[in-house]
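Notes to accompany the following structure.
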Amino acid sequence: MDEMSKMCDVVVVGAGPAGLAAGLHSALFGLRTLVIDAGEKPGGMASRARCLENYPGFKRISGQRLMEKMTVQAEKAGVQLRASEEVVDLSLGGDTKVARTKLGTYSGGVLILATGDGMKGLGMKEETWIGAGVAYCVECGAPFFKGRDIIVVGGSTEAADEALRLTEIAKKVRLVNHANAIPASKRIRRKLERNGVLLIDDHVGTEIKGKPPFKQLVLRHLRDSTTRELRTNIVLVIGGVKPFVSVLRKAGIRTHRLGCVVVDELGRTNIRGVFAAGACACTAKDLVPACVGDGTNVANSVRLFLKYGL
């Protein structure tokens, strides 16, 4: 096969903390491992974190530096990395799993999805991980929301639904009707008011500032362009699902309505030989250390699958 058409034991889609950890351990288990990522450099969203203070072994380290270290370690272990290649199609019906990009076709006995959070942002400055006080999914961050002040920023009725769900666990919930995209029906408003959610109309979120435990959400008024800041503990961004989720669904992979991949306790999806790890899985793993641990666990599940058919 030529360079653009490779056959491996394991193909990992995504080179964030979960993907790199899965790739590293797959290689250490003696499996021919390829990691594909759409970004110019490995690291994913984690590389945008200015300072991580919760990663074991480091008092503090930038996300970029940590991802660089993980990339070097994975490559030394034998992982083949291909950057700037977005997967546009998946064929998962047979024993061989195929991932296609615009530059090549990659096949393996196992496919590991580690594509990060399935939710896309709204383009606000400093949108980042929940470890920095920003989240994209109620289910993914529920343990962190209990008793907190949360501002939901969204442009769909789904944002209103998520705000309502938060009222069951959060101390205070506000909803910014981003660009007035949420239908302002009397029914929705009454339901929000009845459950204690404050709906903020006529604004768009432009920037998220500050460090946990408090964040500041900068809002711009749609008519007069004046700005103001709201203080909160967590900003929940609801911006719809990323385009790649449609590729997963087309391939037959079961996903949640919010875009995450449904998995069991071993990281297995509904398709035999296809696994998911990290923030793309519906198992609340948005923190970098948790994503690394999940990628490691899934790599071990893959080893057992290839060896024993589990």
Side-chain angles (χ1 to χ4, degrees), residues 1 4-16 18-19 22-23 26 33-40 42 44-45 81-122 136-137 139-140 154-159 161-162 237-264 266-286 291 294-295 298 301-302 305:
M1 292 186 178
M4 292 300 147
S5 181
K6 290 183 177 291
M7 178 66 188
C8 304
D9 295 314
V10 179
V11 175
V12 182
V13 181
S26 293
T33 306
L34 172 71
V35 176
I36 311 169
D37 194 77
E40 292 183 7
M45 287 286 289
L81 280 168
R82 298 203 66 86
S84 299
E85 288 203 44
E86 181 181 5
V87 173
V88 296
D89 185 60
L90 296 169
S91 296
L92 309 175
D95 292 335
T96 299
K97 313 305 176 185
V98 181
R100 297 182 181 86
T101 73
K102 292 182 178 179
L103 297 179
T105 299
Y106 307 99
S107 305
V110 167
L111 177 73
I112 299 177
L113 299 167
T115 54
D117 198 313
M119 300 301 292
K120 64 182 179 182
L122 294 168
Y136 295 89
C137 170
E139 290 184 6
C140 301
S156 66
T157 53
E158 192 167 75
D161 291 339
E162 294 296 88
V237 183
I238 304 297
V241 297
K242 294 178 180 178
F244 185 67
V245 175
S246 63
V247 176
L248 300 179
R249 291 172 176 168
K250 180 181 176 183
I253 295 173
R254 184 184 173 199
T255 62
H256 187 273
R257 63 184 176 84
L258 295 178
C260 58
V261 179
V262 177
V263 296
D264 66 8
L266 296 179
R268 297 177 295 193
T269 71
N270 61 304
I271 296 179
R272 182 173 173 81
V274 180
F275 296 73
C280 74
C282 300
T283 44
K285 300 181 181 74
D286 277 321
C291 287
D294 198 38
V298 166
S301 295
V302 167
F305 170 78

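From a predicted model like this one, the values you see are computed outputs, not experimental measurements.
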Do you know which two heavy atoms are closest between [X] and [Y], and how far apart they sit?
X: Gly19; Y: Val35; answer: O-CG2, 4.3 Å
X: Cys280; Y: Thr115; answer: CB-OG1, 3.5 Å
X: Ala281; Y: Cys260; answer: C-CB, 4.1 Å
X: Ala276; Y: Val263; answer: CB-CG1, 3.6 Å
X: Gly39; Y: Ala83; answer: O-CB, 3.4 Å
X: Gly154; Y: Ala159; answer: CA-CB, 3.6 Å

- prompt: Do side-chain atoms of Lys97 reach the backbone of Leu92 as a donor and acceptor pair under 3.5 angstrom?
  reply: yes
- request: Ignoring hydrogens and angles, tell me if any N or O in the side chain of Thr269 forms a donor-acceptor pair with the backbone of Val274 under 3.5 Å.
  value: yes
Partners of [X] by side-chain contact (heavy atoms from CB on, under 4.5 Å), sequence neighbours excluded?
X: Ala22; result: Ile112
X: Ser84; result: Glu40
X: Ser301; result: Leu266, Phe275
X: Val247; result: Leu90, Phe244

For residues 7-15, tabulate all N or O donor-acceptor pairs below 3.5 Å that involve a side-chain atom, not counting sequence neighbours.
| unit_1 | atom_1 | unit_2 | atom_2 | d |
| --- | --- | --- | --- | --- |
| Asp9 | OD1 | Arg32 | NH2 | 3.2 |
| Asp9 | OD2 | Arg32 | N | 2.7 |
| Asp9 | OD2 | Arg32 | NE | 3.4 |

message: Checking Arg268 against Phe305 for the side-chain contact (heavy atoms from CB on, under 4.5 Å) test, could you report, in this order, the C-alpha distance in whole Å, the side-chain angles of both residues, the deciding distance, and whether it holds?
response: CA-CA 10 Å; Arg268 297 177 295 193; Phe305 170 78; 5.9 Å; no
Glu86, CD atom: more than 12 neighbouring heavy atoms under 6.0 Å: no
message: My understanding is that only residues two or more places apart in sequence, or in another chain, count here; which of them pass side chain to side chain donor-acceptor pair (under 3.5 Å) with Arg249?
response: Thr255
- prompt: Considering residues at least two apart in sequence or located in another chain, which fulfil the side chain to side chain donor-acceptor pair (under 3.5 Å) criterion with Arg100?
  reply: Asp89, Ser91
Test item: [X] and [Y] side chains (from C-beta on) under 4.5 Å apart, heavy atoms:
X: Ile36; Y: Tyr106; answer: yes
X: Leu81; Y: Asp37; answer: no
X: Ile238; Y: Asp161; answer: no

- request: Take Val88 and Thr101 through the test side-chain contact (heavy atoms from CB on, under 4.5 Å) and record every step on the way to the result.
  value: CA-CA 5 Å; Val88 296; Thr101 73; 5.5 Å; no
- prompt: To the nearest 0.5 Å, how far apart are CZ in Arg254 and CG in Leu248?
  reply: 14.0 Å
